[in-house]
Number of protein chains: 2
Amino acid sequence: MKPSEQSVPLQNASTGEIADWIRAQIRANRMVPGQRLVEADLIRQTGSSRFKVREALQRLAAEGLVVIEEFRGASVREASMEEIHQLYRARAALEGMCTADFVRLATPQEKQRLYDLADEIEACIDEDLSEEFGTLNNRWHRQIMQVSGNTVLAALVTRLHTPVQRLQFANFYRGDRLSSAVEDHRAIVAAIKKGDAEAAEAAMRQHIENGLRYLTAVDKAVRND
Amino acid sequence: MKPSEQSVPLQNASTGEIADWIRAQIRANRMVPGQRLVEADLIRQTGSSRFKVREALQRLAAEGLVVIEEFRGASVREASMEEIHQLYRARAALEGMCTADFVRLATPQEKQRLYDLADEIEACIDEDLSEEFGTLNNRWHRQIMQVSGNTVLAALVTRLHTPVQRLQFANFYRGDRLSSAVEDHRAIVAAIKKGDAEAAEAAMRQHIENGLRYLTAVDKAVRND
DNA sequence: GCCGACAAAATTGTTGACAATCGGCATGTG
DNA sequence: CACATGCCGATTGTCAACAATTTTGTCGGC
């Protein structure tokens with residue numbers, strides 16, 4: 001039917017793999033909030049069985065990524081701006097804490113790896129590779145959390161961030177925001193190099209709050225369209 | 001069979017209600033980590049169908065409260081001490097933030113309600129009502145988060161805290177820990193009354209870190225038994 | 001053209017039966 | 001007695017069919 005169907009090799013996928021696939025679709029803004037997720041379509045697209053698809057939808061419902069209504073099935077949940085606001089503040093608090101841990105616990109090699117990642121991210125900006133930018137940026141944040149020993153929190157933050165990534169994909173990584181983020185990264189790296197955990201934590205919180213500010217501005221602009 | 005069965009009126013329960021019931025069992029330490037959750041038993045205990053039970057288990061698996069293994073079914077997941085450590089630190093960061101918000105945003109009536117709750121909690125201590133203490137203590141923490149406007153975070157923290165509550169139920173609320181917690185509460189209340197958001201945040205973080213310290217001590221003692 | 005009633009199609013909820021797998025138990029062998 | 005082997009009950013995974021409900025389409029009447 002649509003040219004996009006069957007483009008993904010998901011034959012005999014497990015429940016978890018199907019859930020991952022749907023999550024990826026939502027992140028990439030190919031399934032938008034409010035859109036109904038019809039079981040039959042998902043079966044075709046994933047090449048799996050109805051049973052597995054329903055299990056995957058239940059899991060996503062528990063994560064809060066979709067809502068399931070009686071006899072109306074699953075649809076992508078719309079995260080309110082209020083909710084996004086709270087999630088960003090949570091991220092600021094948690095990642096700030098992780099960054100301070102990173103300063104105290106990371107080995108020189110791990111720190112160097114982070115600096116290299118930052119350079120790669122900067123390189124993207126000149127060539128306007130916004131998608132690559134997003135991928136590397138996610139890796140940068142995860143690197144800090146994992147190296148700081150907070151693997152559980154890393155997974156949690158990733159989940160919390162999922163409903164927001166769609167907005168980033170659609171509106172976020174543009175022009176001035178990219179360079180602003182790079183500047184934030186530089187400040188964080190500088191604090192880490194100095195070994196100043198408190199300053200690094202503050203810089204990370206600032207970085208994330210800048211992201212929230214940009215996102216609210218974009219949202220307001222979109223609504224006034 | 002056992003006298004405890006059929007004690008809960010869950011006829012024709014929805015998927016969510018079944019999940020809630022299982023969560024409650026885990027919190028109350030009536031289903032312990034490693035214990036297998038046999039579908040047939042759950043069907044008997046909840047009076048529901050296999051279909052709904054399986055859906056509920058999928059949701060709980062997504063929350064990380066149970067693990068589902070191929071052909072071995074669901075069992076209560078054991079949270080490692082390392083994981084509990086991270087969850088407590090996350091709580092400290094998040095609830096600390098909420099407490100600062102509370103100082104800035106709560107109305108006088110809402111503040112008074114919190115003081116009253118603190119008094120009720122203190123009253124429990126003399127009469128050794130540890131169960132009542134737990135209930136009121138949860139309400140106290142939730143009150144702060146909800147009034148501070150962070151309703152989404154309140155739900156999140158509650159979920160994060162679920163695997164820990166079992167430990168509290170079993171070992172936690174005893175003797176000196178109760179009075180230590182009450183002292184922490186007093187410090188928080190004092191900071192709120194002064195309107196000092198920063199001090200309130202610090203006191204809340206200290207309170208939660210004290211809880212973690214006590215829990216690790218108990219854990220170490222139990223392991224050396 | 002718009003609106004309501006009604007039928008048809010599409011979609012989801014539920015059930016029961018059957019297949020696949022695991023764990024324990026008995027049995028036999030050295 | 002230790003240990004491998006095969007069987008059987010218990011438990012979970014999977015599927016296909018059917019029931020309940022919503023959504024869509026159609027047809028008169030105005």
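The chains referred to below are lettered A, B, ... by the order of the sequence lines, with proteins before strands, and numbering in each begins at 1.
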Is there any protein nitrogen or oxygen under 3.5 Å from a nitrogen or oxygen in nucleotides 8-15 of chain C, and what are the pairs?
unit_1, atom_1, unit_2, atom_2, d
C/dT12, OP1, A/Glu39, N, 3.4
C/dT12, OP2, A/Glu39, N, 3.1
C/dG13, OP2, A/Arg54, NH1, 2.9
C/dG13, OP2, A/Arg54, NH2, 3.0
C/dG13, N7, A/Arg50, NH2, 2.8
C/dG13, O6, A/Arg50, NH1, 3.1
C/dT15, OP2, B/Ser49, OG, 3.2

Interatomic distance where CD1 belongs to B/Ile43 and P belongs to D/dA10 [whole Å]: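 One finds 15 Å between P of D/dA10 and CD1 of B/Ile43, rounded.
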Trace of the side-chain contact (heavy atoms from CB on, under 4.5 Å) decision for B/Leu60 with B/Ile26: CA-CA 11 Å; B/Leu60 295 172; B/Ile26 294 175; 5.6 Å; no
Anything under 3.5 Å between a donor and an acceptor, one on a side chain of residues 62-75 of chain B, the other on a protein residue two or more places apart or in another chain? List them.
unit_1, atom_1, unit_2, atom_2, d
B/Glu63, OE1, B/Arg23, NH1, 2.8
B/Glu63, OE2, B/Arg23, NH1, 2.5

A/Glu110 (side chain) donor-acceptor with A/Gln143 (main chain) under 3.5 angstrom: no
side-chain hydrogen bond (donor to acceptor under 3.5 Å, both in side chains), paired with B/His141, selected from B/Glu95, B/Gln146, B/His161: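 For B/His141, the side-chain hydrogen bond (donor to acceptor under 3.5 Å, both in side chains) test succeeds with only one of B/Glu95, B/Gln146, B/His161, which is B/Glu95.
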For the student: nearest non-hydrogen atoms of B/Leu212 and B/His85, plus distance: CD2-ND1, 3.5 Å
